[in-house]
S.K.: 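Sharing a structure with you now.
Start at 1 with the first residue, then count along the sequence. These numbers come from the heavy atoms of this one structure, side chains and all, not from hydrogens, waters or symmetry mates.
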Amino acid sequence: MNDTLRILFGLLGGLAVFIFGMNMMSECLQKAAGEKMKSILELLTKNPVMGVLAGALTTAVLQSSSATTVMAIGFVSAGLMSLPQSISIILGANIGTTMTAQIIAFKISDYIYLFIFAGFAVSYLAKTEKAKNIGQTVFAFGLLFLGIETMGGVMKPLAGSPFFLNLIAKVADIPVLGVLVGTFMTLVVQSSSATIAVLQNFAEQPLADGVTSILGLAGAIPILLGDNVGTTITALLACVGQAKDAKRTALAHCIFNLSGCFLFIWLIQPFASVIRVLSPAGPEVEVISRQIANAHTMFNLVMTLIWTPLLPYMVKLVSGIVREGAKAPQALSEPVYLDHKLMAQPAAALRLAEKEMIHCGESADGLLSDLCGLVRTEDKKMSARILEQTDQARRLYEQVTEYLSELFSAGSMSEEQAKEAAGLMYLLGDFDRIAFLCQEVLALLAEKNEKKKKNAGFSKEARRDLEQSLALIMEMYEEAFYMLVSGDRDKIKKIRRKKEKMLELSLHMRKAHLERVEKGKCSAKLTKPFYKILNALDRLSNSCANVADHELLLQSPYERVIRK
């Protein structure tokens, strides 16, 4: 194998190990601290500074600004976060992502295999999930640096290649070319952290004197600026098909990095001088990695300080570019909040699933209300409309179930999150059962109407009793659903009393029907559909009581939804 292929394969292999290690570390950290990230995001207030801090801390945990950006876009798309809050999160994420470059700048190559072995040993021998996640995080951390070490080793021969030296000289002398190179690298790799790691390793290669960097800080800064521009493509891809505020959030991310690139490209030499003063002294090849890391941090810190007080103007700018459009009517069967791009962030995906569950619960409430009205009016058109609504509601429940199943199969949830997801699926079963029983009542009412052609229909007393029982079931459901979204467990006793009252009412209606049949007020042939309706109503009341027995609390961490 010739030297060119050896370098190419080594670079690609090292890059693959680095990206795999970084993604694995992000996933394991999220499993270990996913719910803590939710607490960090709960710090969000109307104060942009708190939003910046939350974004920086979340990204420092995830080790990926792209993950935080996608999460923020998903939240704002679902209405769990306002546009100013999401933009402040993005500003903070740009600071938090510099942590990776700072870690890389530490020379820990002598301990790489120790990290790999220690992480493997802990994850292999650990008995608890949390300990396994910690072990896998340490193992992934070692892989990350193994990838860096591999890339650094294969790049050493490049320092002696005249062709490559001439190419680098052109990039270093023409800042715009360096920006384009950095942008292209990040677009291909889809990770600014990975391209910055490559940049740090490449810059550490010395010239013939053994002291001077092959690239130099002034040559590395334009490529660094391009890396920051290229990372915005992830946000743009994440907002495709999303709501307007999600597109505005992604656009704000682009404006932040593009404006920073445009500002700093004219200040490369002064900026490089400041970074040299702030960084440790020593031979250039020994300190260049730290200088690049510091330049990355300083660039994002300065741009965040510039844009944070200008946040209202940023909001106006992106709102002016992405204008309000006509809202297309959304079918009941379509999820409102679910975002499949957030499968790698279970803490965020579960919040959206909880929000969607509120949508599901409201649809079930609407079905019960319409069914009560149908018993009173016996309108065939209304019956057909309710039947269509029940079909749509059940399709919605099926899609939410599939979303949660996909979240399970992703394997990124902690035990606590998996328990929460299982509880949501169990609750979905109750919602689906309510819709199914509404369909059954509709079918029985239709059967009664068929018999009515030859016989007298239900008497006014029978319809009144059915309407009364449905009204009681509606009250039970509304109070149970209120408990889910408010956490108020005091109503559980009232719901259980109403369930007992429903049983008494059902027994009374059965006796009353027989009395009406005996007096000739109701046809005996309607007894079977009437009793079947009563059985379905009994099961509906049981399902409402089951909803009340759930210990879940369906509320967003950013807004509390309370039924009035």
S.K.: What I want to find out is whether K419 reaches E416 closely enough, with some N-O distance under 4.0 Å, to be called a salt bridge.
M.R.: no
S.K.: If you measure from CG on L217 to CD on Q269, what distance do you get to the nearest 0.5 Å?
M.R.: 9.0 Å
S.K.: Taking only residues two or more places apart in sequence or in another chain, which ones pass side-chain hydrogen bond (donor to acceptor under 3.5 Å, both in side chains) with R276?
M.R.: none
S.K.: Would you check if the side chain of Y403 reaches a backbone N or O of D339 as a donor-acceptor pair within less than 3.5 Å?
M.R.: yes
S.K.: Please determine which of L428, L424, L396, D432 meets the side-chain contact (heavy atoms from CB on, under 4.5 Å) test together with T401.
M.R.: L428
S.K.: As an exercise, state the distance from CH2 of W307 to CE of M314, rounded to the nearest 0.5 Å.
M.R.: 4.0 Å
S.K.: Roughly how far apart are L224 CG and F264 CZ, rounded to 0.5 Å?
M.R.: 10.0 Å
S.K.: Looking at T97, I95, L301, which hits side-chain contact (heavy atoms from CB on, under 4.5 Å) with H296?
M.R.: T97
S.K.: For S213, does its backbone N or O pair with a side-chain atom of E284 as donor and acceptor, under 3.5 Å?
M.R.: yes
S.K.: Give, for atom NZ of K132 and atom NZ of K127, the distance between the pair rounded to the nearest 0.5 Å.
M.R.: 7.5 Å
S.K.: Looking at residues at least two apart in the chain, or sitting in another chain, which of them share a salt bridge (charged side-chain N to carboxylate O under 4.0 Å, His left out) with D227?
M.R.: none
S.K.: Please check: side-chain N/O of T308 versus main-chain N/O of L305, any donor-acceptor pairing under 3.5 Å?
M.R.: no
S.K.: Between the side chains of N294 and S279, is a donor N or O closer than 3.5 angstrom to an acceptor N or O?
M.R.: yes
S.K.: To the nearest 0.5 Å, what is the distance between CG (L180) and CD1 (I223)?
M.R.: 11.0 Å
S.K.: Would you call the rings of F139 and F120 parallel, tilted or perpendicular if under 30° counts as parallel and over 60° as perpendicular?
M.R.: tilted
